[in-house]
Amino acid sequence: MVQVTLPDGSVKTFEQPVTLAGVAAAIGQGLAKAALAGTVDGELVDLDHLLERDTQVTIVTAQSEAGLKIVRHSTSHLMAQAVKRLFPTAQVTIGPAVENGFYYDFDFERPFTPDDLAAIEAEMQALSQQALPVQRTEMKRNEALSFFEAQGELFKAEIIAAIPEEQTISLYQQGAFVDLCRGPHVPNTSYLKAFKLLSVAGAYWRGDARNKQLQRIYGTAWPDKKALDGYLHQLAEAEKRDHRRLGRELDLFSLHEEAGGGLVFWHPMGARVRQVIESYWKKVHVAAGYELLFTPHIANLDLWRTSGHLDFYQESMFSPMLVDEQPYQIRPMNCPFHILIYNTHLHSHRDFPLRWAELGTVYRYEMSGVLHGLFRVRGFTQDDAHVFCREDQIEAEISGILELTLSTLQAFGFSEFEINLSTRPAKSVGSDAIWNQATAALKQAISQRGLAFVEDVGGGAFYGPKIDVKITDTIGRKWQCSTIQLDFNLPERFDIYYIGEDGGRKRPIMIHRALMGSLERFFGILIEHYAGNFPVWLAPVQAVVLTITDDQNDWATEVRDRLRALGLRVDADLRSQKVGYKIREHTLKRVPWLLIVGEQEKREGAVNPRNRAGKSLGSMPVAAFADQLLLEETNKH
RNA sequence: GCCGACGUAGCUCAAUUGGCAGAGCAACGGAUUUGUAAUCCGUAGGUUCGGGGUUCGAUUCCCCGCGUCGGCUCCA
């Protein structure tokens, strides 16, 4: 007799040993049909796993994260099977599920073409229709090793060779295709229906550039056609929001082949948005007790020798240039400069905390292949700050920084946050005591605000623990912009200190933090987040006055000037075009408000506002519209 | 940097097997005086990414370079 405990606490009793599929069937027909796999005492297993003892089980369907992952992983196997059928000389390597889909890396004598992808996808459909059972078998490690060697699957053999000898190895077979895999998988290939192959790319064996380069085929897979279509639609939407396209169409910024990759040119309209962002940033920093600094963009290389960047960061730095026969370095970071300022005075424990912020432009060498619009560039401005404080002030400072971070992100329309806390890695500097105290202070500061966080054990930098904040944009993508890092290293290296209560020298704590990270990248995220439809407070042009005929030119000009006098960004379009033409043009430029003025409005001293969505408010006095616009701006809408 | 794809007017894209480099939109000029997403006519616009090669002839084929795009952590 086997007693099976379900997640809701209920217990099912079976006379004979039973498979998970049997348990699902006993619960209900619907579940039996939807079941993909299950967990037994918390461990994921296949549906045909036989239960012989009393256990806790759950049935996994495609509705859960785990189930979706199984669908994707199984689809990657289906693809590998299809590839092996069409291209028998291709060697399989690894093929995991990833966010939104899966990939599989192959070693093949020639590059896969888009036509190959279409053929592979068609083969996958055919295999899916055959409903081939996916069966788990086990082998001894050595047996498996010779099995894959005999098949000519040398990468698989290499993987097995790294597994301890005594371990048993699981294989999954569907049709003639056998793959080394931990599983679990769907019961048969007919469960895999909604997938699409997306792209082929290069990827190194085991992610190491010294190893052989393989071909990675990316695909997406979903529980059903509807979810797949939804995702493909989202991809199309994301493309429409692409900041590189919108940046050109809205005349916000450009990059230039002549100037070099990854160097951003802000056009007048983009610069207006940046001005707004920077003004806001300065205002909230001053209010939060920060001082604003300005420091140079280059400095003697020795500074980076002292900071240690030359040792551990050199590959991301531009080559030095010679100045009066001395090597000078264009800065990849701002921190050493702030430390130089710190060291111009003797500091007392009573001076702390010192909060110093700078919109510091830095230059980092990124490999040419990784440059990407505003998201990955070689020159960018960080909204950087360094806080110097005593150990007992860490928690309060982190708490204040978190407050500033979240309120700033909220102002820019982000309301969903994910907080990660990264703790001490194996290789690190600083004493156990300071790491423990600092990590505890970070945790305390987060939970005191009632925020949840994910702990990345050992994921911190060698010089201190850190908090990262991720935001979610309108179409559900996550971005990490904000980072708060403690640094036990630089204060040592620069030998900075303060005079403690006892009159002795003490090492201050240094906190690095950035809220938006890179202004360039943050701008790119904002463009995509709003799809170019900036809220009034950010919009480069907040309203355009449109005339019906030349007879209203004087009134339109007056309206424009009155609104400008209030500090609003307003233009007038006096061209002798039909109003429909002007509306279309400025709507495409994503101007939030269009103010139509015809004879009637001129006579009444009014404007007739129309918003981006095409809704007309009807004629109203200029002052009334101005109030509304100012209110929108204040409320950051 | 590496793998693959791509590079034609400001933008989106054409150009038989290698045979005079084109269209729409944008720009510019003129006409038009218009009431809520495109008025009409005209003009100009090119070292086909750069360099080399094959050829009577190269946007097209080959080689080199540059740039752009998709990737290069997510362990069977």
Side-chain angles (χ1 to χ4, degrees), chain A residues 69 73 76-77 80 92-99 102-105 108 110-114 116-117 141 144 148 153 155-163 167 169-172 179-183 198-218 239 242 244-245 248-249 251 254-262 315 365-373 459 546-553 574-589 594-601 608-619:
Chain A
K69 218 174 150 181
H73 187 194
S76 93
H77 274 234
V92 294
T93 66
I94 61 166
V98 292
E99 200 178 352
F102 61 90
Y103 66 77
Y104 209 119
D105 289 346
F108 189 44
R110 65 163 177 84
F112 289 119
T113 65
D116 292 337
L117 287 202
R141 183 257 199 194
F148 281 102
E153 297 289 3
F155 291 90
K156 287 288 177 194
E158 189 180 327
I159 293 165
I160 297 169
I163 294 175
Q167 206 163 313
I169 281 169
S170 61
L171 307 177
Y172 279 80
D179 199 357
L180 168 71
C181 189
R182 206 176 265 151
L198 298 175
S199 63
V200 57
Y204 299 105
W205 170 235
R206 302 200 148 157
D208 189 330
R210 287 167 302 191
N211 289 341
K212 180 157 193 188
Q213 184 143 21
L214 308 169
Q215 293 188 65
R216 173 169 298 179
I217 302 179
Y218 278 93
E239 200 182 326
D242 193 317
R244 294 167 298 187
R245 171 207 291 261
R248 188 177 58 233
E249 286 174 0
D251 202 7
S254 57
L255 298 150
H256 298 269
E257 195 172 321
E258 306 92 298
E315 61 184 29
Y365 175 75
E366 298 279 2
M367 290 191 290
S368 61
V370 306
L371 299 176
H372 179 95
L546 307 185
T547 51
I548 304 286
T549 75
D550 293 349
D551 291 340
Q552 295 91 44
N553 284 0
L574 307 182
R575 294 175 301 173
S576 60
Q577 289 285 357
K578 293 184 11 176
V579 72
Y581 178 89
K582 299 188 196 179
I583 287 172
R584 178 182 154 80
E585 198 160 272
H586 295 105
T587 303
L588 289 174
K589 290 281 185 198
L594 302 181
L595 309 177
I596 318 284
V597 298
E599 269 315 292
Q600 186 200 337
E601 285 76 17
N608 191 341
R610 172 197 160 103
N611 68 18
R612 252 181 317 220
K615 187 164 181 263
S616 188
L617 300 192
S619 279

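Every chain is numbered from 1, with letters handed out A, B, ... down the list of sequences. Just the heavy atoms: all of them, side chains too, but no hydrogens, waters or symmetry mates, feed the values below.
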Minimum-distance nucleotide to A/N608 side chain [options: B/C72, B/U36, B/G1]: B/U36
Nucleotide nearest A/I596 (side chain, heavy atoms from C-beta), chosen from B/U36, B/A38, B/C74: B/U36
Selected nucleotide, minimal atom distance to A/S616 side chain, candidates B/U36, B/G1, B/A26: B/U36
Neighbour count above 12 (heavy atom, 6.0 Å) for A/K69 NZ: no
Between B/C62 and B/G67 - P atom distance, rounded Å: 22 Å
Between C1' of B/A27 and CD of A/E249, the distance in whole Å: 17 Å
Any A/R206 side-chain heavy atom under 4.5 Å of A/I159 side chain: yes
Distance (rounded to the nearest 0.5 Å) between A/L255 CG and A/H372 NE2: 10.5 Å
Side chain of A/I548 - closest among B/G35, B/G1, B/A37: B/G35
Sugar-phosphate, base or nothing in reach of A/E601, heavy atoms under 4.0 Å: base
Sub-4.5 Å side-chain heavy-atom contact between A/T93 and A/E158: no
A/R612 or A/A97, whichever maps to the more 5' nucleotide of RNA chain B: A/R612
Partner set under ring pair (Phe, Tyr, Trp, His ring centres under 6.0 Å) for A/H586, not counting sequence neighbours: none
Side chain proximity check, A/K156 to A/D179, heavy atoms < 4.5 angstrom: yes
Selection from B/A38, B/G70, B/C74 that lies nearest to any side-chain heavy atom of A/R216: B/C74
From CH2 (A/W205) to NZ (A/K212), nearest 0.5 Å: 11.5 Å
Spatial distance of atom CZ (A/R584) from atom NZ (A/K578) [nearest 0.5 Å]: 13.0 Å
Listed nucleotide nearest any side-chain atom of A/Y204, set B/U34, B/C72, B/U36: B/C72
What's touching nucleotides 3-7 of chain B from the protein side, N or O pairs under 3.5 Å?
from: B/C3; atom 1: O4'; to: A/Q213; atom 2: OE1; distance (Å): 2.8
from: B/C3; atom 1: O4'; to: A/Q213; atom 2: NE2; distance (Å): 3.3
from: B/C3; atom 1: O2; to: A/G202; atom 2: N; distance (Å): 3.2

Selection from B/U32, B/C72, B/A37 that lies nearest to any side-chain heavy atom of A/L588: B/A37
Among B/G1, B/A37, B/U34, the one nearest A/R584 by side-chain distance: B/A37
Closest heavy-atom pair and its distance - A/Y218, A/A201: CE1-CB, 4.4 Å
Phosphate-side-chain proximity, A/R248 and B/C11, N/O vs OP1/OP2 below 4.0 Å: no
Name the pairs: protein N/O against N/O of nucleotides 46-48 of chain B, kept only if under 3.5 Å.
none

Length of the line joining A/L198:CG and B/G70:C1', which is rounded to integer Å: 11 Å
Residue A/V370, side-chain atoms from C-beta onward, closest of B/U36, B/C72, B/C69: B/C72
Upstream residue (5' side of RNA chain B) when A/R610 and A/D551 are each assigned their closest nucleotide: A/D551
Beyond-backbone contact of A/D551 with A/E599, side-chain heavy atoms, under 4.5 angstrom: yes
